[in-house]
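Structure record follows, encoded as structure tokens.
A note on names: the letters A, B, ... follow the listed sequences, proteins ahead of strands, and every chain is numbered from 1.
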Amino acid sequence: MSGVGPQSDSFEALAMPLFDQLYNFAHWLTRNREEAEDLVQETYTKALKGFSSFQLGTNFRAWMYRILRNTFLTSRTGLKVTMTVPLEPEEDGPELAIEHDTPETILLERSNRDLLQGALDELPVYFREILVLCEVEEMSYQEIAETLSIPIGTVMSRLSRARKTLRDRLQPQSQKGSAAIAKGTNRAL
Amino acid sequence: MPCESWKTKLDTYLDGELPSEEMRAFDIHVHSCSSCAADALARVQMKRGIQAAGKRFAPTAEFRRRVQGTIATKPHYSFRRMWVFAAALSILAVASLLSIYLGVQRSRTEQAYSEIADLHVAALASSSRVDVVSSDRHTVKPWFQGKIPFAFDLPEVQNSEFSLLGGRMTYFGQTPGAHLIYAVRKHEISVFVFQEGVLRGRWDESSAVTKELSFNVATWRQGGLRYFVIGDAGTADINNLAKLFKATSS
């Protein structure tokens, strides 16, 4: 065994498979490579120290994400974000689906990933993080609630508003793109 | 329930977070309501877009090694505790793997059906639906030579109610396949042919035709190839075209 303790072995086995996902999430939060690396490094250090308090059988992934997010919120960038972003109202109900000519369909037609990445990047951090957790990490509402330490009802309403905000922000860009394409087509004709 | 009431729950439905009874009721509604089906499709596309756009940042190998090196320095614990912990981990890992496997299989199948429906809709919406325009199977089949990494047979449809409109190349999971379009009365039906290994999922092969996003779909495996017949025509038409293909390829 050469002094290798079982607990940290287990920690490594559980935590390292999450490394890429946690880094991606950290980068979406900080929007900066160096800060994302610092955040991930600190998360792993804290998690290893606190691993003895982790209860086996509970959600390890949500536990790691919660540590990362709490670490971010107490970092200089995180504090700046939470101090400059206004508190969001939670009382909005779920919005209705859009009937036609949606940004989604326009988006699909052009396969414009850059447009979507840009729009995601510009979202407030509390919208950005919940969309990444839900759509990219495919977390359940329960896992998201555990990670963000909010009730499931808030997860649902915040997700709904995040999606609506993203669509609203894509709409003008999509229309701009459509106009450019139409202009190009007319010129070609 | 009016459509607007369904739509307020559309995102929750697509996230798979409604109670199972409501999920079933929603499935039935979406299959019968073209407006909700269209909205569902648009939102699924948005979800996929975010998923693709969101997987954007990857750590460097050097950074991974650095962190791994940090957490590899660990304190001593007793062997007894180590074995208990290892046993618990194994059970946790097996249970997690099992649930992940089942979940992944289900989601792969749903995603594949959804992508097949997208390919069908996108082709019909396109101004140039087919790359090879011909009702003659002896013209359409050779056109695929050298374009796709397999060969397949087209049925003779002259004495049936179907007519071949043509074919085009298509891609699924970055692998090429064949897309044929047939007409029956005023309906247009797509037939997709891919190599079996490309499409991973648990296909429903027990019944001939299933409903996916309001389309009728038949799928089967034959000769190492995976066939899909999809369209808004009735189940009998989908089934009849599938039978013609099965008979030709057997």
Side chain, backbone, both or neither: which part of A:I152 has a heavy atom under 4.5 Å from chain B? neither
Can you say whether A:M16 sits under 4.5 Å from chain B via the side chain, the backbone, both, or neither, judging by heavy atoms? both
Just how far is it from atom [atom1] of [X] to atom [atom2] of [Y], taken to the nearest 0.5 Å?
X: A:E12; Y: B:Q68; atom1: CD; atom2: CD; result: 4.5 Å
X: B:R48; Y: A:L116; atom1: CZ; atom2: CG; result: 13.5 Å
X: B:L14; Y: A:R163; atom1: CG; atom2: CZ; result: 8.0 Å

Please test A:F19 against B:F63 for ring-ring contact (aromatic ring centres under 6.0 Å, His included), starting from the C-alpha separation and ending with a verdict. CA-CA 10 Å; A:F19 192 75; B:F63 175 55; 5.4 Å; yes
Checked B:T12, B:L92, B:D15 vs chain A; the most non-hydrogen pairs under 4.5 Å come from B:D15
B:R185: what forms a salt bridge (charged side-chain N to carboxylate O under 4.0 Å, His left out) with it, not counting sequence neighbours? B:E161, B:D237
Which atoms of B:I50 come close to chain A, meaning under 4.5 Å heavy atom to heavy atom: side chain ones, backbone ones, both, or neither? both
Give, as side chain, backbone, both or neither, the part of B:A88 having an atom under 4.5 angstrom from any heavy atom of chain A. side chain
Can you tell which of A:Y44, A:Y141, A:F60 has the highest number of heavy-atom pairs within less than 4.5 Å of chain B? A:Y141
Is the closest side-chain heavy-atom distance between [X] and [Y] below 4.5 Å?
X: B:T60; Y: A:E37; answer: yes
X: A:E135; Y: B:K55; answer: no
X: B:Q51; Y: A:E138; answer: yes
X: A:S140; Y: B:E17; answer: yes

Is it the case that more than 12 heavy atoms not belonging to B:E21 sit under 6.0 Å from its CD atom? no
Which heavy atom of A:V136 sits nearest a heavy atom of B:G54, and at what distance? CG2-CA, 3.5 Å
What are the residues of residues 20-28 of chain A, in order of number, with any heavy atom under 4.5 angstrom from a heavy atom of chain B? A:D20, A:Y23, A:N24, A:H27, A:W28
